[in-house]
Amino acid sequence: MTASTDPLAAGAQALQRGAWEEARTHFQSSLAAGETPQALEQLGLAAWWLDDAALTFDARERAFRLYREHDDPLGAARVALWLVWDYLAFRGDTAVASGWLERARRLLAGHEARPEYGWLLLRDGEVALFRGHDPTTARDHGVRAAALGRATGDRGLEFTGLALEGLARVSAGDVAAGMRCLDEATAAATGGEVKELHTVGVVCCWQIFACERVRDYDRAAQWCARVQEFTKRWRLRPLSAICRTQYAGVLIWRGEWADAEAELAVATRDFEQVRPPLAAQALARLGELRLRQGRLEDAERLFSAAGAQPLARLGQAALALERGAAADAAAELERFLAQVGDTEPTMRAGALELAVRAHAASGDVAAAERARDELGRIAQALGTTPLAASAAAAEGALLRQRGDAAGAVSRLEVAVAGYEASGAPFETARARLELADALAQTGRAAAAARQARQALETFTALGAERDARRAQEKIAAGSKRAGGRPKLTGRELEVLRLVAQGLSNPDIAARLRLSDHTVKRHVANLLTKLRLPTRAAAAAYAATQGLL
């Protein structure tokens, strides 16, 4: 019987082409002629790619029962391991997922040399890493799974094991070796060596996740582009939604906030339709974006919706700190750090940066210094520029809080340079604003004003309205100390108000019946008088000074 007459073979070929609807039709035809566990297992896979949760559960649970009836423990265990993921991703039922994991474990006893056992090792490794914060166990499971994959010729198992080893190493702080594992695994997965497309998805997600953990956003962006092309070619909607969420993190860091919001909107919609438990990370990232924009109520709602997701917990702490509740922020961060433990320095870094600031603001200098010292050790060990900048910024904030303005200037200048080199405009602007305060405390008013104006320009361009107001207030306060607000002529005030309304020079010229050249000169004069770098900064100044 040829593939054209055998619906089971035709369905398998359709799966290899990514023709999910066609595959589903072939497998349903095969089942109409007689139920087999193989057809049900394959139907479950086609339904999974089509985001058909009801059909996925029905096909796989029926396949499991038939494999058991046919005394095929390997087939039953294989399906049980799929059901672990299904119950987590589609329903968030951790207890049920745990039950299926234990069924697979019992069925695979005595079959430790088979590929199915390798997938059990990988599931156990995931649990150890993501729930137990135990990268050592996860790494060992990844190594064993990869070795089993090589021994049995299962390349999907081999490279997923290598990716898990890499992610575990990165999580434990062994970044160079971990990234080598992940780069190799992802190149193999996206280069066609791995035939199982779901395996490609897992490897790619772990790669990008590891990049984010150490803030290696350049590497993350390169792999995101590679993965996005891959998902579009194969119509991998579940993987696409996950990658959109991860890519949004890169875009937020780069200051491309409108693009980040668009990615998160699509990802959230896709998740909420069929995989609600996976929407938490997208909601947390959108909350992070809202926090940066200064939309605190929206951020709070999104963080609450994301629940216990780590990004959301850190976001809640950052939100509390933003609102002046430093003690509450510090307490939440200490709980977070205690839960993570000492084995995952890459996960601790973000919490430690916030903890330095929260403890310092609440007056617990000793706790702030402990957090600073640990963050410094992690940044030095991991060796990435963004983490070094983070450590410098945290230390600068602490020194300024303690009254060492000169020391703060030195560390904050390092932070500004590091963030700028990393392509992180928001972090750069925030560090500049702190640097402006420290410079003002040392009597360097002109340098402080320069940093504040640069920060204002960035905040205004990004749409970070709350921070833009802060920057403008510092500029105004500096001007007041230097002799009051600069005096503008009546015509310059007219031009400033129209600039603040968003009018171009030709529009202003037409409105005021002036030449374009005259308007251009007025704009240049008022920017010079106000010591502002751009029209956007001038608009923000006009708003904060009540000139509109």
Side-chain angles (χ1 to χ4, degrees), residues 249 251-258 260-261 285-300 302-303 314-326 329 350 353-354 356-358 360-361 386 389-390 392-394 396-397 400-401 408 412-413 415-420 422-440 447-479 500 530-546:
L251 294 171
I252 290 172
W253 176 263
R254 290 176 161 182
E256 300 171 30
W257 289 359
E261 185 156 356
R285 287 196 190 279
L286 187 55
E288 178 190 357
L289 178 56
R290 293 288 180 259
L291 183 59
R292 289 171 180 242
Q293 292 169 329
R295 297 166 58 178
L296 305 191
E297 291 76 16
D298 289 343
E300 182 176 28
L302 289 160
F303 289 143
L314 293 181
Q316 292 278 22
L319 181 61
L321 188 58
E322 185 74 15
R323 286 172 164 167
E353 181 183 5
L354 287 171
V356 174
R357 299 172 182 276
S390 170
R400 195 169 68 80
Q401 190 81 17
L412 289 166
E413 286 176 339
V416 168
Y419 282 136
E420 198 164 31
S422 303
F426 180 77
E427 283 73 12
T428 302
R430 277 214 156 174
R432 285 191 188 283
L433 208 54
E434 285 199 87
L435 177 57
D437 284 335
L439 287 165
R450 218 167 25 247
Q451 294 294 334
R453 286 195 297 271
Q454 286 182 273
L456 173 60
E457 181 180 3
T458 300
F459 289 137
T460 303
L462 288 172
E465 297 178 1
R466 187 180 177 90
D467 284 296
R469 287 194 297 272
R470 287 174 178 160
Q472 188 56 65
E473 287 165 5
K474 293 183 189 300
I475 294 169
S479 297
L530 297 175
R531 297 181 180 177
L532 294 173
T534 63
R535 298 167 71 94
Y541 175 86
T544 58
Q545 295 299 308

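Just so you know, residue 1 is the first one in the sequence shown, and it goes up from there.
Counting only distance, with no hydrogens or angles, the side chain of Ser390 and the backbone of Pro386 share no donor-acceptor pair below 3.5 Å. With hydrogens and angles disregarded, a donor-acceptor distance shorter than 3.5 Å links the side chain of Trp253 to the backbone of Ser422.
Taken to the nearest 0.5 Å, the CH2 atom of Trp257 stands 6.5 Å off from the CG atom of Leu289. To the nearest 0.5 angstrom, Leu302 atom CG is 7.0 Å from Arg290 atom CZ. Between the CG atom in Leu462 and the CD atom in Glu457 there is a gap of 10.5 Å [rounded to 0.5 Å]. Rounding to the nearest 0.5 angstrom, the gap separating the CD atom in Glu261 from the CD atom in Gln293 is 6.0 Å.
Taking both residues in full, the closest heavy atoms of Val356 and Ala394 are given as CG1-O, 3.5 Å, listed atom of the first, atom of the second, then distance. Contact between Phe303 and Leu319 at its shortest, heavy atoms only, is CD1-CD2, 4.5 Å. Of all non-hydrogen atoms in Ala389 and Ala415, the two that sit nearest each other are O-CB, 3.6 Å. Minimum interatomic distance between Ile252 and Arg285 (heavy atoms only, all atoms of both residues): CD1-O, 3.7 Å. The two residues Tyr419 and Ala431 make their nearest non-hydrogen contact at CD1-CB, 4.2 Å. Across all their heavy atoms, Ala397 and Leu412 have their closest contact at N-CD2, 4.5 Å.
Proximity of Leu456 to Ile475: side-chain heavy atoms (C-beta onward) are separated by under 4.5 Å at one or more points. Side-chain contact between Leu296 and Arg466 is present, with at least one heavy-atom pair separated by less than 4.5 Å.
The environment of CD in Glu465 is sparse: at most 12 heavy-atom neighbours from other residues, nucleotides or ligands sit within 6.0 Å.
Using a 3.5 Å distance cut-off with no hydrogens or angles, the side chains of Arg469 and Gln472 do not pair a donor with an acceptor.
Under 4.0 Å is where a charged nitrogen must lie from a carboxylate oxygen, and between Arg292 and Glu322 no such pair does. By the 4.0 Å N-to-carboxylate-O rule, Glu420 lies close enough to Arg432 to be salt-bridged with it.
Here the options are Gln454, Gln451, Arg450, the test is side-chain contact (heavy atoms from CB on, under 4.5 Å), and the partner is Leu435; only Gln451 passes.
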Q: Check step by step if salt bridge (Lys or Arg N to Asp or Glu O under 4.0 Å) holds for Glu434 and Arg430.
A: CA-CA 6 Å; Glu434 285 199 87; Arg430 277 214 156 174; over 6 Å; no
